[in-house]
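Protein chains get the first letters and strands the later ones, always in sequence-line order, with residue 1 at the start of each.
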2 protein chains.
Amino acid sequence: MTTEDEPPQAPADEHADLWLAPGELASWLSVVRLMTRLPWAIDAQLQRDAELSMVEYMALAMLSEAPEWTLRMSVLAENTSSSLSRLSHMVKRLESRGYVRREADPADGRFTNAILLPAGMAKLESAAPAHVAFVRRLVVDNLSAERLRRLGQDAERILQRIDSPAR
Amino acid sequence: MTTEDEPPQAPADEHADLWLAPGELASWLSVVRLMTRLPWAIDAQLQRDAELSMVEYMALAMLSEAPEWTLRMSVLAENTSSSLSRLSHMVKRLESRGYVRREADPADGRFTNAILLPAGMAKLESAAPAHVAFVRRLVVDNLSAERLRRLGQDAERILQRIDSPAR
DNA sequence: TCATCTCACTTGAACCTTCACGTGGCGCCG
DNA sequence: CGGCGCCACGTGAAGGTTCAAGTGAGATGA
């Protein structure tokens, strides 16, 4: 697919060194569209079927696999790739829905633990099947095992660069 | 090559059929993290160096390659993967900054054309080098040509499923 | 020719994220 | 033991996106 179309007029004269080769550009634009629309699609599915956003689902899922259904806010923030502030607001909302609760770490009051409540676990379990099926249909079962593995590797490779200091 | 890593402990007991196989899950989580953090990184770079968001940059870039620097709002929305409403708000802001203007299509007043202004083109040209360099460092030059091509293909394949009706 | 329908936008409110700052617990150094 | 600084979080305002209506231009049909 895709690509490698020569534009009827070649406007990419002076853009050439400022920009990307046609094939590179096409691939990059596909990635951009994926980054924009895949989260949107997942959010829409979860919102429709479970009234959860993807980050909320991820948070519940992370907690459900943690010992004692408990995680520090900062760890949960890291695991869900969200800022502490965003997480704080989000957990407040989950708390008001009865899915989690917070308490200061008994051992060190500077930390706050987020704790999954039974209602939250129930919510997660009721949301999981449709969500997993959706992820399978869009991604996991849509790519060969090998390609999925490579996709994950590429993602890690890019993430590494994101985390590494400016240069 | 390469190996198939077994996780040291297998926690996926009863989750197994509700969820994904360990390798699948790992790949999927990598993709999720990529979808979350790559846009964030790009936005941060553009914001810092040019006070533009990624969508704004994309919109200017699309317009700059369109004939007469002109595109219908609906076409621009499609090309930037954003809703018409989002685009409308966004273009209003770009308009107030003097980068674009809007006018009703003379041939058919139902359509609205977004038109890139010289100041917008100048903005784009001044933002492009750093942005392109950043994209190269994170993605394009970080993957082999073959892997980049395949990444683009995988993205297209997933996008196709997103666009196809529920089943 | 005029009511009605359709379709591309536009708009304003609600919601969420971001940003900058504020707060409280605990270690540390005197 | 007492002030100081650091660090994990919390909070409120600002800004952007989403959602649900609203608007206006052209097609359609009587």
Legend entry - OP1 or OP2 of D:dC9 under 4.0 Å from side-chain N/O of A:Arg72: no

Inset, instruction - With sequence neighbours left out, write down each residue that passes side-chain contact (heavy atoms from CB on, under 4.5 Å) with A:Asn142, or none if nothing qualifies. - result: B:Arg157, B:Ile158, B:Arg161

Legend entry - Listed partners of A:Asp43 passing salt bridge (Lys or Arg N to Asp or Glu O under 4.0 Å), at least two apart: none

Legend entry - Where chain B begins and ends its contact with DNA chain C, read 5' to 3' at 4.0 Å from heavy atoms: C:dA8 to C:dG12

Legend entry - Over 12 non-hydrogen atoms of neighbours within 6.0 angstrom of CD in A:Gln160: no

Legend entry - Counterpart residues, side chain to side chain donor-acceptor pair (under 3.5 Å), relative to A:Glu95 (two or more places apart): A:Arg102

Inset, instruction - For DNA chain C, determine which residues of residues 84-96 of chain B have any heavy atom closer than 4.0 angstrom to one of its atoms, and list them numerically. - result: B:Leu84, B:Ser85, B:Ser88, B:His89, B:Lys92

Legend entry - First of A:Glu56 and A:Asp108 reached from the 5' end of DNA chain C, by closest nucleotide: A:Glu56

Inset, instruction - Return the 5'-most residue of the pair B:Ser53, A:Val75 with respect to DNA chain D, ranking by each residue's nearest nucleotide. - result: A:Val75

Inset, instruction - Please identify each residue that fulfils salt bridge (Lys or Arg N to Asp or Glu O under 4.0 Å) with A:Arg97, with sequence neighbours left out. - result: A:Glu56

Inset, instruction - Taking side chain to side chain donor-acceptor pair (under 3.5 Å) as the test, write out the residues that go with A:Glu103, two or more places apart. - result: A:Arg101

Inset, instruction - Mind checking B:Ser83 for me? I need base, sugar-phosphate or nothing, with any heavy atom below 4.0 Å counting as a touch. - result: sugar-phosphate

Legend entry - For B:Thr80, all residues meeting side chain to side chain donor-acceptor pair (under 3.5 Å), sequence neighbours excluded: B:Ser82

Inset, instruction - Output all residues satisfying side chain to side chain donor-acceptor pair (under 3.5 Å) with A:Glu146, sequence neighbours left out; order by chain, then residue number. - result: A:Arg149

Inset, instruction - Name every residue in residues 37-52 of chain A that has at least one heavy atom under 4.0 Å from any atom of DNA chain D, in order of residue number, or write none if there are no such residues. - result: none

Inset, instruction - Using the test ring pair (Phe, Tyr, Trp, His ring centres under 6.0 Å), find all partners of A:Tyr57 that sit at least two apart in sequence or belong to another chain. - result: A:His131

Inset, instruction - With sequence neighbours excluded, give me every salt bridge (charged side-chain N to carboxylate O under 4.0 Å, His left out) pair touching residues 75-89 of chain B. - result: none

